[in-house]
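Here the structure is laid out as C-alpha coordinates; the discussion comes afterwards.
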Number of protein chains: 2
Amino acid sequence: MSLRHAVLGLLSESPASGYDLMKLFNATLTNVWPATQSQVYGELNKLTTAGLVEVAAQGPRGRKEYAITEDGLTELRHWLTDIKPGGSTRDDSLLRVFFLGIVTPLEAQTYLLQQAQRAARLHSVYEQIDQTANWDEEMISVHGRIALEYGLRMTAALEDWALWAADEVTHAKARKASELARSRHKGKLREEDADEEG
Amino acid sequence: MSLRHAVLGLLSESPASGYDLMKLFNATLTNVWPATQSQVYGELNKLTTAGLVEVAAQGPRGRKEYAITEDGLTELRHWLTDIKPGGSTRDDSLLRVFFLGIVTPLEAQTYLLQQAQRAARLHSVYEQIDQTANWDEEMISVHGRIALEYGLRMTAALEDWALWAADEVTHAKARKASELARSRHKGKLREEDADEEG
DNA sequence: GCACGCATGTAATTGGTTACATGATTGC
DNA sequence: GCAATCATGTAACCAATTACATGCGTGC
(Lines give C-alpha, C1' and ligand atoms only; values in the text may rest on other atoms or scores of the structure.)
Protein backbone atom coordinates (compact mmCIF):
# COMPACT_ATOMS: atom_id res chain seq x y z
CA MET A 1 0.00 0.00 0.00
CA SER A 2 2.87 2.37 -0.62
CA LEU A 3 1.29 4.69 -3.15
CA ARG A 4 -0.45 6.15 -0.13
CA HIS A 5 2.87 6.74 1.59
CA ALA A 6 4.49 8.20 -1.48
CA VAL A 7 1.68 10.77 -1.63
CA LEU A 8 1.90 11.47 2.08
CA GLY A 9 5.67 11.80 1.80
CA LEU A 10 5.48 14.33 -0.99
CA LEU A 11 2.83 16.30 0.87
CA SER A 12 5.00 16.26 3.99
CA GLU A 13 7.47 18.46 2.12
CA SER A 14 4.91 20.98 0.94
CA PRO A 15 1.20 21.25 0.18
CA ALA A 16 0.30 20.47 -3.42
CA SER A 17 -2.57 19.78 -5.78
CA GLY A 18 -3.08 16.47 -7.56
CA TYR A 19 -1.65 18.10 -10.62
CA ASP A 20 1.44 19.24 -8.72
CA LEU A 21 1.88 15.79 -7.26
CA MET A 22 1.80 14.22 -10.70
CA LYS A 23 4.66 16.49 -11.73
CA LEU A 24 6.57 15.49 -8.61
CA PHE A 25 5.96 11.81 -9.23
CA ASN A 26 7.23 12.13 -12.76
CA ALA A 27 10.17 14.29 -11.79
CA THR A 28 11.46 12.54 -8.70
CA LEU A 29 9.80 9.16 -8.23
CA THR A 30 9.54 7.78 -11.79
CA ASN A 31 12.16 5.15 -11.12
CA VAL A 32 11.16 4.43 -7.55
CA TRP A 33 7.41 4.55 -7.33
CA PRO A 34 5.68 5.52 -10.56
CA ALA A 35 2.05 6.54 -10.35
CA THR A 36 -0.60 7.39 -12.87
CA GLN A 37 -2.85 10.41 -12.75
CA SER A 38 -5.96 8.40 -11.96
CA GLN A 39 -4.16 6.69 -9.13
CA VAL A 40 -3.04 9.95 -7.57
CA TYR A 41 -6.43 11.63 -7.76
CA GLY A 42 -8.12 8.54 -6.40
CA GLU A 43 -5.66 8.23 -3.56
CA LEU A 44 -6.05 11.89 -2.61
CA ASN A 45 -9.77 11.38 -2.21
CA LYS A 46 -9.25 8.25 -0.15
CA LEU A 47 -6.68 10.03 2.02
CA THR A 48 -9.05 12.93 2.55
CA THR A 49 -11.82 10.58 3.65
CA ALA A 50 -9.36 8.87 6.00
CA GLY A 51 -8.36 12.25 7.43
CA LEU A 52 -4.68 11.88 6.58
CA VAL A 53 -4.70 14.87 4.27
CA GLU A 54 -7.03 17.84 3.96
CA VAL A 55 -7.93 20.43 1.37
CA ALA A 56 -5.99 23.39 2.71
CA ALA A 57 -6.88 25.84 -0.05
CA GLN A 58 -8.82 26.05 -3.26
CA GLY A 59 -7.66 27.82 -6.35
CA PRO A 60 -8.76 28.58 -9.87
CA ARG A 61 -9.94 25.80 -12.22
CA GLY A 62 -11.21 23.78 -9.30
CA ARG A 63 -7.71 23.41 -7.95
CA LYS A 64 -7.61 21.74 -4.56
CA GLU A 65 -4.42 22.19 -2.64
CA TYR A 66 -3.89 19.33 -0.25
CA ALA A 67 -1.90 19.44 2.97
CA ILE A 68 -0.89 16.56 5.19
CA THR A 69 -2.62 16.44 8.59
CA GLU A 70 -1.19 15.47 11.95
CA ASP A 71 -2.73 12.02 11.51
CA GLY A 72 -1.08 11.83 8.11
CA LEU A 73 2.32 12.67 9.53
CA THR A 74 1.83 10.09 12.27
CA GLU A 75 0.94 7.49 9.70
CA LEU A 76 3.97 8.39 7.60
CA ARG A 77 6.33 8.14 10.56
CA HIS A 78 4.71 4.87 11.57
CA TRP A 79 5.32 3.49 8.10
CA LEU A 80 8.96 4.64 8.10
CA THR A 81 9.87 3.28 11.50
CA ASP A 82 7.54 0.39 12.33
CA ILE A 83 6.65 -1.30 9.05
CA LYS A 84 9.42 -3.34 7.53
CA PRO A 85 9.79 -2.82 3.78
CA GLY A 86 8.67 -5.69 1.59
CA GLY A 87 11.60 -6.72 -0.58
CA SER A 88 11.64 -5.36 -4.09
CA THR A 89 10.27 -8.17 -6.18
CA ARG A 90 9.78 -8.78 -9.91
CA ASP A 91 12.70 -8.08 -12.14
CA ASP A 92 11.81 -8.63 -15.77
CA SER A 93 15.43 -8.24 -16.96
CA LEU A 94 16.69 -10.82 -14.50
CA LEU A 95 13.90 -13.26 -15.23
CA ARG A 96 15.11 -13.39 -18.80
CA VAL A 97 18.60 -14.37 -17.68
CA PHE A 98 17.24 -17.65 -16.32
CA PHE A 99 16.00 -18.60 -19.74
CA LEU A 100 18.84 -17.37 -21.91
CA GLY A 101 19.70 -21.02 -22.49
CA ILE A 102 16.97 -21.36 -25.08
CA VAL A 103 18.41 -18.74 -27.43
CA THR A 104 21.80 -18.89 -29.15
CA PRO A 105 24.87 -17.81 -27.15
CA LEU A 106 25.23 -14.87 -29.52
CA GLU A 107 21.69 -13.74 -28.80
CA ALA A 108 22.28 -14.21 -25.08
CA GLN A 109 25.43 -12.12 -25.29
CA THR A 110 23.62 -9.43 -27.24
CA TYR A 111 20.92 -9.28 -24.61
CA LEU A 112 23.46 -8.89 -21.81
CA LEU A 113 25.44 -6.22 -23.64
CA GLN A 114 22.23 -4.30 -24.19
CA GLN A 115 21.60 -4.50 -20.47
CA ALA A 116 25.08 -3.14 -19.84
CA GLN A 117 24.41 -0.25 -22.19
CA ARG A 118 21.08 0.49 -20.60
CA ALA A 119 22.71 0.56 -17.16
CA ALA A 120 25.48 2.82 -18.42
CA ARG A 121 22.96 5.21 -19.95
CA LEU A 122 21.01 5.41 -16.71
CA HIS A 123 24.23 5.88 -14.79
CA SER A 124 25.22 8.88 -16.84
CA VAL A 125 21.74 10.35 -16.44
CA TYR A 126 22.17 10.10 -12.68
CA GLU A 127 25.64 11.63 -12.89
CA GLN A 128 24.16 14.51 -14.84
CA ILE A 129 21.53 15.06 -12.16
CA ASP A 130 24.19 14.85 -9.47
CA GLN A 131 26.24 17.61 -11.09
CA THR A 132 23.30 19.79 -12.07
CA ALA A 133 21.33 19.71 -8.84
CA ASN A 134 22.19 22.16 -6.11
CA TRP A 135 22.70 20.05 -3.02
CA ASP A 136 23.26 21.30 0.53
CA GLU A 137 20.15 23.46 0.36
CA GLU A 138 17.49 21.73 2.41
CA MET A 139 17.26 18.76 4.76
CA ILE A 140 15.37 16.93 1.99
CA SER A 141 18.33 17.20 -0.36
CA VAL A 142 20.46 15.07 1.95
CA HIS A 143 18.08 12.22 1.40
CA GLY A 144 17.62 13.02 -2.25
CA ARG A 145 21.41 12.77 -2.57
CA ILE A 146 21.42 9.44 -0.76
CA ALA A 147 18.75 8.04 -3.05
CA LEU A 148 20.69 9.27 -6.07
CA GLU A 149 23.83 7.60 -4.78
CA TYR A 150 21.82 4.39 -4.65
CA GLY A 151 20.99 4.85 -8.31
CA LEU A 152 24.62 5.57 -9.17
CA ARG A 153 25.91 2.52 -7.34
CA MET A 154 23.26 0.13 -8.59
CA THR A 155 23.62 1.15 -12.21
CA ALA A 156 27.41 0.83 -11.92
CA ALA A 157 27.11 -2.64 -10.38
CA LEU A 158 24.52 -3.60 -12.97
CA GLU A 159 26.79 -2.57 -15.83
CA ASP A 160 29.74 -4.46 -14.36
CA TRP A 161 27.64 -7.54 -13.88
CA ALA A 162 26.17 -7.44 -17.38
CA LEU A 163 29.61 -7.09 -18.95
CA TRP A 164 30.92 -9.95 -16.83
CA ALA A 165 27.88 -12.05 -17.73
CA ALA A 166 28.26 -11.35 -21.44
CA ASP A 167 31.84 -12.51 -21.13
CA GLU A 168 30.68 -15.53 -19.19
CA VAL A 169 28.29 -16.73 -21.87
CA THR A 170 31.03 -16.52 -24.49
CA HIS A 171 33.43 -18.37 -22.22
CA ALA A 172 30.72 -20.94 -21.57
CA LYS A 173 30.53 -21.35 -25.34
CA ALA A 174 34.29 -21.84 -25.54
CA ARG A 175 34.26 -24.21 -22.58
CA LYS A 176 31.49 -26.20 -24.18
CA ALA A 177 33.47 -26.39 -27.42
CA SER A 178 36.59 -27.61 -25.64
CA GLU A 179 34.56 -30.19 -23.74
CA LEU A 180 33.10 -31.31 -27.04
CA ALA A 181 36.65 -31.59 -28.38
CA ARG A 182 37.72 -33.57 -25.35
CA SER A 183 34.79 -35.97 -25.62
CA ARG A 184 35.40 -36.30 -29.34
CA HIS A 185 38.99 -37.17 -28.53
CA LYS A 186 37.87 -39.79 -26.01
CA GLY A 187 35.54 -41.11 -28.68
CA LYS A 188 38.49 -41.35 -31.06
CA LEU A 189 40.45 -43.31 -28.53
CA ARG A 190 37.65 -45.83 -28.34
CA GLU A 191 36.47 -45.85 -31.91
CA GLU A 192 39.38 -44.35 -33.94
CA ASP A 193 36.74 -42.59 -35.99
CA ALA A 194 36.61 -39.00 -37.43
CA ASP A 195 33.06 -37.55 -37.44
CA GLU A 196 32.36 -33.86 -38.27
CA GLU A 197 30.65 -31.12 -36.28
CA GLY A 198 26.89 -30.46 -37.01
CA MET B 1 2.79 -9.88 -18.95
CA SER B 2 5.80 -11.79 -17.73
CA LEU B 3 4.14 -14.37 -15.52
CA ARG B 4 3.29 -16.03 -18.79
CA HIS B 5 6.93 -16.06 -19.81
CA ALA B 6 8.11 -17.29 -16.45
CA VAL B 7 5.78 -20.28 -16.82
CA LEU B 8 6.85 -20.87 -20.41
CA GLY B 9 10.48 -20.60 -19.38
CA LEU B 10 10.16 -23.17 -16.64
CA LEU B 11 8.27 -25.50 -18.94
CA SER B 12 10.99 -25.07 -21.57
CA GLU B 13 13.34 -26.87 -19.20
CA SER B 14 11.05 -29.77 -18.53
CA PRO B 15 7.35 -30.65 -18.51
CA ALA B 16 5.65 -30.09 -15.18
CA SER B 17 2.31 -29.89 -13.45
CA GLY B 18 0.92 -26.75 -11.86
CA TYR B 19 1.96 -28.17 -8.54
CA ASP B 20 5.51 -28.77 -9.77
CA LEU B 21 5.65 -25.26 -11.19
CA MET B 22 4.65 -23.79 -7.85
CA LYS B 23 7.58 -25.56 -6.25
CA LEU B 24 9.89 -24.22 -8.94
CA PHE B 25 8.57 -20.70 -8.51
CA ASN B 26 9.15 -20.86 -4.79
CA ALA B 27 12.54 -22.51 -5.11
CA THR B 28 14.12 -20.53 -7.92
CA LEU B 29 12.05 -17.46 -8.77
CA THR B 30 10.85 -16.19 -5.37
CA ASN B 31 13.10 -13.16 -5.55
CA VAL B 32 12.75 -12.58 -9.26
CA TRP B 33 9.19 -13.29 -10.21
CA PRO B 34 7.02 -14.56 -7.38
CA ALA B 35 3.72 -16.17 -8.28
CA THR B 36 0.79 -17.50 -6.32
CA GLN B 37 -0.87 -20.83 -6.83
CA SER B 38 -4.06 -19.34 -8.25
CA GLN B 39 -2.03 -17.31 -10.70
CA VAL B 40 -0.10 -20.32 -11.94
CA TYR B 41 -3.14 -22.53 -12.40
CA GLY B 42 -5.00 -19.71 -14.11
CA GLU B 43 -2.11 -18.97 -16.42
CA LEU B 44 -1.71 -22.63 -17.37
CA ASN B 45 -5.31 -22.72 -18.50
CA LYS B 46 -4.91 -19.51 -20.49
CA LEU B 47 -1.69 -20.81 -22.05
CA THR B 48 -3.41 -24.06 -23.01
CA THR B 49 -6.25 -22.17 -24.69
CA ALA B 50 -3.68 -20.06 -26.51
CA GLY B 51 -1.87 -23.21 -27.66
CA LEU B 52 1.45 -22.25 -26.09
CA VAL B 53 1.44 -25.24 -23.78
CA GLU B 54 -0.36 -28.56 -23.89
CA VAL B 55 -1.35 -31.30 -21.50
CA ALA B 56 1.26 -33.89 -22.37
CA ALA B 57 0.26 -36.48 -19.79
CA GLN B 58 -2.22 -37.05 -17.04
CA GLY B 59 -1.46 -38.65 -13.74
CA PRO B 60 -3.12 -39.64 -10.50
CA ARG B 61 -5.18 -37.11 -8.48
CA GLY B 62 -6.13 -35.28 -11.62
CA ARG B 63 -2.53 -34.32 -12.26
CA LYS B 64 -2.03 -32.63 -15.60
CA GLU B 65 1.51 -32.54 -16.84
CA TYR B 66 2.05 -29.59 -19.12
CA ALA B 67 4.62 -29.33 -21.89
CA ILE B 68 5.59 -26.29 -23.92
CA THR B 69 4.55 -26.38 -27.59
CA GLU B 70 6.47 -25.16 -30.63
CA ASP B 71 4.33 -22.00 -30.56
CA GLY B 72 5.20 -21.61 -26.91
CA LEU B 73 8.93 -21.85 -27.61
CA THR B 74 8.59 -19.37 -30.44
CA GLU B 75 6.80 -16.97 -28.12
CA LEU B 76 9.47 -17.41 -25.45
CA ARG B 77 12.30 -16.75 -27.90
CA HIS B 78 10.41 -13.77 -29.27
CA TRP B 79 10.08 -12.35 -25.78
CA LEU B 80 13.78 -12.91 -25.04
CA THR B 81 15.13 -11.37 -28.21
CA ASP B 82 12.57 -8.88 -29.54
CA ILE B 83 10.79 -7.41 -26.54
CA LYS B 84 12.82 -4.96 -24.53
CA PRO B 85 12.53 -5.47 -20.78
CA GLY B 86 10.53 -2.85 -18.92
CA GLY B 87 12.75 -1.38 -16.21
CA SER B 88 12.31 -2.79 -12.73
CA THR B 89 10.10 -0.24 -11.00
CA ARG B 90 8.77 0.22 -7.47
CA ASP B 91 11.24 -0.06 -4.69
CA ASP B 92 9.60 0.26 -1.31
CA SER B 93 12.91 0.43 0.58
CA LEU B 94 14.22 3.22 -1.61
CA LEU B 95 10.97 5.17 -1.47
CA ARG B 96 11.40 5.43 2.26
CA VAL B 97 14.84 6.97 1.84
CA PHE B 98 13.28 10.02 0.19
CA PHE B 99 11.24 10.70 3.27
CA LEU B 100 13.75 9.90 5.99
CA GLY B 101 13.88 13.64 6.66
CA ILE B 102 10.67 13.49 8.66
CA VAL B 103 12.00 11.09 11.28
CA THR B 104 14.90 11.75 13.65
CA PRO B 105 18.47 11.24 12.34
CA LEU B 106 18.80 8.36 14.76
CA GLU B 107 15.70 6.66 13.37
CA ALA B 108 16.94 7.28 9.84
CA GLN B 109 20.28 5.71 10.71
CA THR B 110 18.56 2.74 12.31
CA TYR B 111 16.51 2.20 9.18
CA LEU B 112 19.58 2.28 6.96
CA LEU B 113 21.55 -0.07 9.19
CA GLN B 114 18.64 -2.50 9.12
CA GLN B 115 18.75 -2.33 5.35
CA ALA B 116 22.45 -3.11 5.46
CA GLN B 117 21.80 -6.11 7.67
CA ARG B 118 19.02 -7.34 5.44
CA ALA B 119 21.31 -7.10 2.42
CA ALA B 120 24.09 -8.91 4.25
CA ARG B 121 21.74 -11.71 5.27
CA LEU B 122 20.52 -12.15 1.71
CA HIS B 123 24.11 -12.05 0.48
CA SER B 124 25.12 -14.90 2.74
CA VAL B 125 22.07 -16.91 1.67
CA TYR B 126 23.22 -16.52 -1.92
CA GLU B 127 26.77 -17.48 -0.98
CA GLN B 128 25.39 -20.59 0.67
CA ILE B 129 23.49 -21.51 -2.47
CA ASP B 130 26.58 -20.83 -4.57
CA GLN B 131 28.66 -23.25 -2.53
CA THR B 132 25.99 -25.89 -2.13
CA ALA B 133 24.72 -26.10 -5.69
CA ASN B 134 26.48 -28.35 -8.14
CA TRP B 135 27.23 -26.13 -11.10
CA ASP B 136 28.69 -27.25 -14.43
CA GLU B 137 25.96 -29.85 -14.82
CA GLU B 138 23.58 -28.52 -17.42
CA MET B 139 23.40 -25.60 -19.83
CA ILE B 140 20.72 -24.10 -17.55
CA SER B 141 23.14 -23.93 -14.65
CA VAL B 142 25.33 -21.47 -16.51
CA HIS B 143 22.46 -19.03 -16.50
CA GLY B 144 21.41 -19.93 -13.01
CA ARG B 145 24.96 -19.12 -11.92
CA ILE B 146 24.82 -15.80 -13.76
CA ALA B 147 21.54 -14.89 -12.08
CA LEU B 148 23.02 -15.84 -8.70
CA GLU B 149 26.04 -13.66 -9.36
CA TYR B 150 23.62 -10.82 -9.94
CA GLY B 151 22.13 -11.45 -6.52
CA LEU B 152 25.58 -11.61 -4.94
CA ARG B 153 26.72 -8.36 -6.51
CA MET B 154 23.53 -6.45 -5.88
CA THR B 155 23.28 -7.45 -2.23
CA ALA B 156 26.94 -6.52 -1.75
CA ALA B 157 26.42 -3.13 -3.39
CA LEU B 158 23.25 -2.63 -1.38
CA GLU B 159 25.01 -3.34 1.88
CA ASP B 160 27.87 -0.97 1.02
CA TRP B 161 25.44 1.75 0.07
CA ALA B 162 23.32 1.35 3.20
CA LEU B 163 26.39 1.52 5.43
CA TRP B 164 27.63 4.58 3.59
CA ALA B 165 24.18 6.15 3.80
CA ALA B 166 23.90 5.47 7.54
CA ASP B 167 27.25 7.19 7.94
CA GLU B 168 26.05 10.01 5.76
CA VAL B 169 23.00 10.78 7.88
CA THR B 170 25.17 10.96 11.01
CA HIS B 171 27.69 13.17 9.21
CA ALA B 172 24.85 15.32 7.99
CA LYS B 173 23.83 15.67 11.61
CA ALA B 174 27.38 16.62 12.58
CA ARG B 175 27.66 19.00 9.64
CA LYS B 176 24.41 20.62 10.60
CA ALA B 177 25.63 21.02 14.15
CA SER B 178 28.91 22.58 13.04
CA GLU B 179 27.05 24.93 10.71
CA LEU B 180 24.88 25.89 13.62
CA ALA B 181 28.02 26.51 15.68
CA ARG B 182 29.54 28.57 12.88
CA SER B 183 26.44 30.70 12.51
CA ARG B 184 26.29 31.12 16.27
CA HIS B 185 29.91 32.26 16.14
CA LYS B 186 29.12 34.77 13.42
CA GLY B 187 26.24 35.94 15.56
CA LYS B 188 28.63 36.38 18.45
CA LEU B 189 30.95 38.48 16.33
CA ARG B 190 28.07 40.76 15.49
CA GLU B 191 26.18 40.72 18.75
CA GLU B 192 28.71 39.48 21.33
CA ASP B 193 25.88 37.52 22.88
CA ALA B 194 25.72 33.98 24.34
CA ASP B 195 22.38 32.17 23.61
CA GLU B 196 21.84 28.44 24.31
CA GLU B 197 20.90 25.54 22.04
CA GLY B 198 17.15 24.61 21.88
C1' DG C 1 -10.68 34.08 -29.89
C1' DC C 2 -7.84 30.24 -29.60
C1' DA C 3 -4.23 27.24 -28.12
C1' DC C 4 -1.86 25.56 -24.35
C1' DG C 5 -1.51 24.28 -19.84
C1' DC C 6 -3.92 23.58 -15.52
C1' DA C 7 -7.05 20.75 -13.27
C1' DT C 8 -10.05 16.90 -11.94
C1' DG C 9 -12.35 13.00 -12.50
C1' DT C 10 -14.62 8.07 -14.26
C1' DA C 11 -14.74 3.46 -16.56
C1' DA C 12 -12.87 -0.71 -18.22
C1' DT C 13 -9.40 -3.96 -17.94
C1' DT C 14 -5.43 -6.53 -16.32
C1' DG C 15 -2.38 -8.42 -12.85
C1' DG C 16 -1.71 -9.90 -8.25
C1' DT C 17 -3.01 -11.43 -3.33
C1' DT C 18 -5.69 -13.87 0.08
C1' DA C 19 -8.82 -17.03 1.39
C1' DC C 20 -11.71 -20.62 0.62
C1' DA C 21 -13.11 -25.22 -1.16
C1' DT C 22 -12.44 -29.85 -2.48
C1' DG C 23 -10.74 -34.24 -3.17
C1' DA C 24 -7.36 -38.24 -4.37
C1' DT C 25 -3.23 -41.04 -3.16
C1' DT C 26 0.55 -42.70 -0.66
C1' DG C 27 3.10 -44.17 3.25
C1' DC C 28 2.84 -45.40 7.88
C1' DG D 1 -7.60 -45.67 9.12
C1' DC D 2 -5.23 -41.35 9.21
C1' DA D 3 -2.05 -37.79 8.26
C1' DA D 4 0.73 -35.64 5.00
C1' DT D 5 1.27 -34.46 0.55
C1' DC D 6 -0.29 -34.05 -4.05
C1' DA D 7 -3.40 -31.68 -6.88
C1' DT D 8 -6.67 -28.34 -8.88
C1' DG D 9 -9.65 -24.83 -8.86
C1' DT D 10 -12.95 -20.43 -7.58
C1' DA D 11 -14.29 -15.89 -5.49
C1' DA D 12 -13.46 -11.52 -3.61
C1' DC D 13 -10.59 -7.92 -3.35
C1' DC D 14 -6.88 -4.52 -4.13
C1' DA D 15 -3.46 -2.17 -7.10
C1' DA D 16 -2.15 -0.46 -11.44
C1' DT D 17 -2.74 0.78 -16.45
C1' DT D 18 -5.09 2.84 -20.27
C1' DA D 19 -8.37 5.47 -22.21
C1' DC D 20 -11.85 8.56 -22.07
C1' DA D 21 -14.31 12.88 -20.63
C1' DT D 22 -14.71 17.52 -19.27
C1' DG D 23 -13.88 22.22 -18.43
C1' DC D 24 -11.55 26.62 -16.66
C1' DG D 25 -7.82 30.31 -16.97
C1' DT D 26 -3.98 32.71 -18.98
C1' DG D 27 -1.19 34.61 -22.37
C1' DC D 28 -0.66 35.68 -27.03
Side-chain angles (χ1 to χ4, degrees), chain A residues 1-8 10-11 15-27 29-50 53-66 79 83 85-92 95, chain B residues 1-8 10-11 15-27 29-50 53-66 79 83 85-92 95:
Chain A
M1 238 201 2
S2 285
L3 169 67
R4 156 159 305 206
H5 300 110
V7 170
L8 285 174
L10 290 174
L11 287 179
S17 67
Y19 192 86
D20 294 340
L21 286 174
M22 271 316 294
K23 280 191 295 186
L24 286 170
F25 267 100
N26 292 328
L29 299 180
T30 343
N31 296 301
V32 178
W33 207 276
T36 60
Q37 182 249 46
S38 44
Q39 254 182 308
V40 169
Y41 283 105
E43 194 61 48
L44 281 170
N45 287 325
K46 278 188 243 166
L47 284 167
T48 308
T49 310
V53 305
E54 61 187 2
V55 178
Q58 295 197 214
R61 281 166 287 204
R63 175 189 174 92
K64 288 186 267 184
E65 197 166 71
Y66 293 89
W79 172 69
I83 314 289
S88 173
T89 41
R90 295 212 169 88
D91 189 330
D92 190 354
L95 179 63
Chain B
M1 234 198 8
S2 285
L3 169 68
R4 157 158 303 201
H5 299 109
V7 171
L8 285 173
L10 290 174
L11 287 177
S17 66
Y19 192 87
D20 295 340
L21 286 174
M22 270 317 293
K23 280 190 295 186
L24 288 170
F25 267 99
N26 291 329
L29 298 181
T30 343
N31 296 301
V32 178
W33 206 274
T36 61
Q37 182 247 50
S38 46
Q39 254 183 309
V40 168
Y41 283 106
E43 193 61 48
L44 281 169
N45 287 327
K46 279 189 243 165
L47 283 166
T48 308
T49 311
V53 305
E54 63 187 1
V55 179
Q58 297 196 216
R61 283 168 285 206
R63 175 190 173 91
K64 289 186 268 184
E65 195 164 72
Y66 293 90
W79 172 68
I83 313 291
S88 174
T89 40
R90 298 217 166 84
D91 189 330
D92 191 354
L95 178 63

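This is a predicted model, so every value here is computed, not measured. Protein chains get the first letters and strands the later ones, always in sequence-line order, with residue 1 at the start of each.
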Counting just side-chain N and O atoms, does B/Gln39 come under 4.0 Å of either OP1 or OP2 of C/dT17?
-> yes
Of A/Pro34 and B/Arg61, whose nearest nucleotide on DNA chain D comes first from the 5' end?
-> B/Arg61
Can you check the B/Met22 CE to C/dT17 P distance for me, whole Å?
-> 10 Å
Taking atom P of C/dC6 as reference, at what distance in whole Å does atom CG of A/Asn26 sit?
-> 13 Å
Between A/Glu65 and A/Arg63, which heavy-atom pair has the shortest distance, and what is it?
-> OE2-NH2, 3.0 Å
Could you list where the contact with chain B starts and ends along DNA chain D, reading 5' to 3', using a 4.0 Å heavy-atom cut-off?
-> D/dT5 to D/dT17
Take the protein atom NE2 of B/His5 and the nucleotide atom P of C/dG15, then report the distance between them rounded to whole Å.
-> 11 Å
Mapping A/Gly42 and A/Lys23 onto DNA chain C by nearest heavy atom, which one lands closer to the 5' end?
-> A/Lys23
Have a look at A/Arg90 and say if it touches a base, only the backbone sugar-phosphate, or nothing, with a 4.0 Å heavy-atom cut-off.
-> sugar-phosphate
Out of curiosity, A/Thr89 OG1 to B/Asn31 CG, how far, rounded to the nearest 0.5 Å?
-> 8.5 Å
Please work out if A/Ser17 contacts a base, only the sugar-phosphate, or nothing of the nucleic acid, heavy-atom cut-off 4.0 Å.
-> sugar-phosphate
Do we see a donor-acceptor contact under 3.5 Å between the side chains of B/Ser17 and B/Asp20?
-> yes
One should read off an interatomic distance between A/Thr48 OG1 and A/Lys64 NZ, to the nearest 0.5 angstrom, of 7.0 Å
A/Asp92 meets the side-chain contact (heavy atoms from CB on, under 4.5 Å) criterion, sequence neighbours left out, with A/Arg96, B/Ser2, B/Trp33, B/Trp79, B/Pro85
Minimal heavy-atom distance between A/Tyr19 and A/Tyr41, with the atoms involved, is N-OH, 3.2 Å
Gap between atoms CG and P, on B/Leu3 and C/dT17 respectively (whole Å) = 10 Å
Using atom CZ of A/Arg63 as one end and atom P of C/dT8 as the other, report the distance to the nearest whole Å.
-> 7 Å
Test item: A/Gln39 side-chain N/O and A/Thr36 main-chain N/O as donor-acceptor pair under 3.5 Å = yes
Residue whose nearest DNA chain D nucleotide is more 5′ - A/Met1 or B/Tyr41 | B/Tyr41
Atom NZ of A/Lys64 and atom C1' of C/dC6 are separated, to the nearest Å, by 15 Å
Would you mind reading off the distance between B/Arg4 atom CZ and C/dT14 atom P, rounded to a whole angstrom?
-> 12 Å
